[in-house]
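Order of appearance sets the numbers: ligands from 1, and atoms from 1 within every ligand.
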Amino acid sequence: MTGLVTVLGSGAMTNTINGILDSDVMLVIGSNTTETHPIIGLRMVKAARNGSKLIVADPRRINLCDSADTWMQQKPGTDGALINALCHVIIRDGLEDRQYIEERAENFEAFKESIKNCTPEWAEQITKVPAVDIEKVAHTFAKGKRAGIYYTMGITQHTSGTDNVCALANLSVITGNLGKPGAGLNPLRGQNNVQGASDMGCLPVFFPGYQRTDDAAAVEKFSKIWDAQLSDTPGLMATEMPDAITDGKLAGLWIMGENPVISDPNSDHAKHAFAKLECLVVQDIFLTETAELADVVLPAASFAEKDGTFANTERKVQRVRRAVPPPGDACDDLSIVNMVSNRMLGTRSQGYQGAVDPLYYTVPPFAGEVFDEICTCWPAMAGMSYERIDEKGIAWPCPDKDHPGTPILHVSGFPRGKAWLSEITWSGPDELPDAEYPLVLTTGRVLYQYHTGTMTRRSKVLEESAPSAYVEMHSEDAKALSIEDGEMVTASSRRGSIQLAARITDRTSKGLVFIPFHYKEASVNLLTNDALDPKCKIAEAKVCAIKIEKIQQDPVPVTLN
Ligand SMILES: Nc1nc2c(c(=O)[nH]1)N[C@H]1C(S)=C(S)[C@@H](COP(=O)(O)OP(=O)(O)OC[C@H]3O[C@@H](n4cnc5c(=O)[nH]c(N)nc54)[C@H](O)[C@@H]3O)O[C@H]1N2
Ligand SMILES: Nc1nc2c(c(=O)[nH]1)N[C@H]1C(S)=C(S)[C@@H](COP(=O)(O)OP(=O)(O)OC[C@H]3O[C@@H](n4cnc5c(=O)[nH]c(N)nc54)[C@H](O)[C@@H]3O)O[C@H]1N2
Ligand SMILES: [Mo]
């Protein structure tokens, strides 16, 4: 997440999972932890049982609310106002950590000025969280000796996602909570090895190790290592690609391990764009909805069929070993990339210009050679080797062979010197409800399914536990529309329409509905908004305006006989 990268140097948990047990306050905001990170959720429940105060901020009554000291039910898309108000109360009541701020932060006066008017009463108007709760939470958080923040997509999947993360960083810094056990700022990473993918530069502005593509020294360094002149122009974010295709700026796409036809907000737009590509290559372990559109499908091996390393959510780099051979023609991803690269050799095709040698990984399965190369080009992994992580992983930074790794970041300082307290102005979501589309839709996950279901929906046990799409709606909204629990309804936005079952519940508030995005037969991304955060280009999957309608049954003809 680039916002956090700018603030702290990288987007990763600053602290450890087991450290949760050392916390005395936990603020869980926009994370349905017991369903989406169940192991971490268990630690939180255990910590709460041991006396740590748990604060949950979520528009839905998630399971974690059962263990919470306070639950703040904000309106979706209002987190920036809520967090600014927490900071306002802390400073107003003199609860900030003065010494920490003086030693480790800058821009405090301007920051303080910027939240001068963010009173709890102002925030109550916007968020619908009672001002007294905001005051209580601000006091609990600031008085905690080890107060940790845990957040995920409820915070980031907004047009204000980067601002929300910066606001949370402000809260953590002014209370002196970065750099000590049981505290910190902790984005719980989503996919398996998404941390490793970010670390390795699967972001258009970074080479491996967060070394920027617009930094001339980094371009020179990697041009030398890879023996090819590299570009200093940042690439496109995945979310910017559909428009780039439509605008004729992008002609070919090679998608590895993603199913955007189901997972991209406003997915029909993405699907139409893909149809305009000159060449679409999809590399996946299954023939997905996206692979069905491809000119070429490259069958990949799954995690259990390959060698390498994964970096987990606490930055720990761990070995993965092949347990079974891949089926049929499937190959591990690295070998596929290697084979394609070597066949490009000698051609003048874009992106491989100037290279003279074949990719020099020579000993199958190559992963060990790549690992050694990573350790030479990113100082934070310079001290790692397969021998050292043979049995137990090591958390980066690990700068030399004797270094034990760094479970907690920022103990003695920040990458940029001092932490910058940024001035955040709250701005609401891109699309708000109106007379035609009166309900707010938020989307997300359930415990038993994983994203577009390519993997989990092939598992009988999981599929039996969560077999079909549904829309969670408040009893008063259902009553107003004469909708009964379990009844099939139509949900539509300005972009599309789906049919699914109503689940009547008071987990959401009046006016808010929730739909999981796992089900292709009622794919909620046909409805969602693809408006982007201007800074990190994440799409606003968590808020859009929709309407729900009863499906009018044709009256059953009365037959007289
Ligand atoms: N079972 C399961 N686990 C998973 C995944 C999966 O598909 N299935 N996916 C993995 C991945 S890649 C990721 S990124 C993570 C995501 O993990 P989470 O972010 O925990 O999952 P979500 O369900 O997307 O949304 C989290 C919460 O955000 C709340 N929310 C909605 N709008 C707002 C808002 O405006 N503000 C706030 N504060 N909260 C809001 C929702 O009510 C929900 O409880 O899960 C990972 N774990
Ligand atoms: N409405 C809405 N939309 C969302 C979200 C939301 O909360 N709401 N969340 C967003 C988020 S956070 C995420 S992470 C995305 C997830 O979106 P996607 O990443 O598109 O979803 P997955 O279904 O996990 O797709 C991963 C693909 O990788 C394949 N795969 C698995 N292992 C391997 C492997 O080793 N090699 C290769 N080559 N392929 C493999 C799987 O078969 C699968 O097809 O969805 C995003 N979209
Ligand atoms: Mo994710």
Below the 3.5 angstrom mark, is there an N/O of Thr528, backbone or side chain, next to an N/O of ligand 2?
no
Indicate yes or no: does an N/O atom of Thr454 lie under 3.5 Å from an N/O atom of ligand 2?
yes
Within the 4.0 Å heavy-atom shell around [X], which atoms of ligand 2 are there?
X: Ala301; result: 34 (C), 35 (O), 36 (N)
X: Lys306; result: 34 (C), 35 (O), 36 (N)
X: Asn259; result: 18 (P), 20 (O), 25 (O)
X: Asp333; result: 34 (C), 35 (O), 36 (N), 37 (C), 38 (N)
X: Thr288; result: 44 (O)

Taking only heavy atoms of the protein into account, state which residues are under 4.0 angstrom from an atom of ligand 1, in chain and number order.
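For ligand 1, the residues that come within the 4.0 Å heavy-atom cutoff are Ile29, Gly30, Ser31, Asn32, Glu35, Thr36, His37, Ala57, Asp58, Pro59, Arg60, Ile62, Gln74, Pro76, Gly77, Asp79, Thr152, Met153, Gly154, His158, Gly190, Gln191, Thr442, Gly444, Arg445, Val446, Leu447, Gln449, Tyr450, His451, His518, Lys542.
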Phe514 six-ring centre to Arg60 NZ/CZ under 6.0 Å and within 45° of normal:
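The answer is yes; both the distance and angle limits are met.
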Can you see which heavy atom on [X] is nearest to which on [Y], and at what distance?
X: Asp533; Y: Thr162; value: OD2-N, 2.7 Å
X: His269; Y: Asp530; value: CD2-OD2, 3.5 Å
X: Glu431; Y: Arg494; value: OE2-NH1, 3.1 Å

Side chains of Asn338 and Ser335 only: does a donor on one sit below 3.5 Å from an acceptor on the other?
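Side chains of Asn338 and Ser335: no pair found under 3.5 Å.
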Among side-chain atoms of Asn18 and Thr16, is any donor-acceptor pair under 3.5 angstrom?
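No.
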Relative to ligand 2, is Asp264 under 4.0 angstrom through side chain, backbone, both or neither, heavy atoms considered?
neither
Does Glu463 pair with Arg457 as a salt bridge, N-O distance under 4.0 Å?
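A salt bridge is present here (some side-chain N lies under 4.0 Å from a carboxylate O).
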Quick one: sort the Trp426 and Trp122 rings into parallel, tilted or perpendicular, breaks at 30° and 60°.
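Ring orientation of Trp426 relative to Trp122: perpendicular.
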Pair His518 and Tyr450, ring centroids less than 6.0 Å apart
no
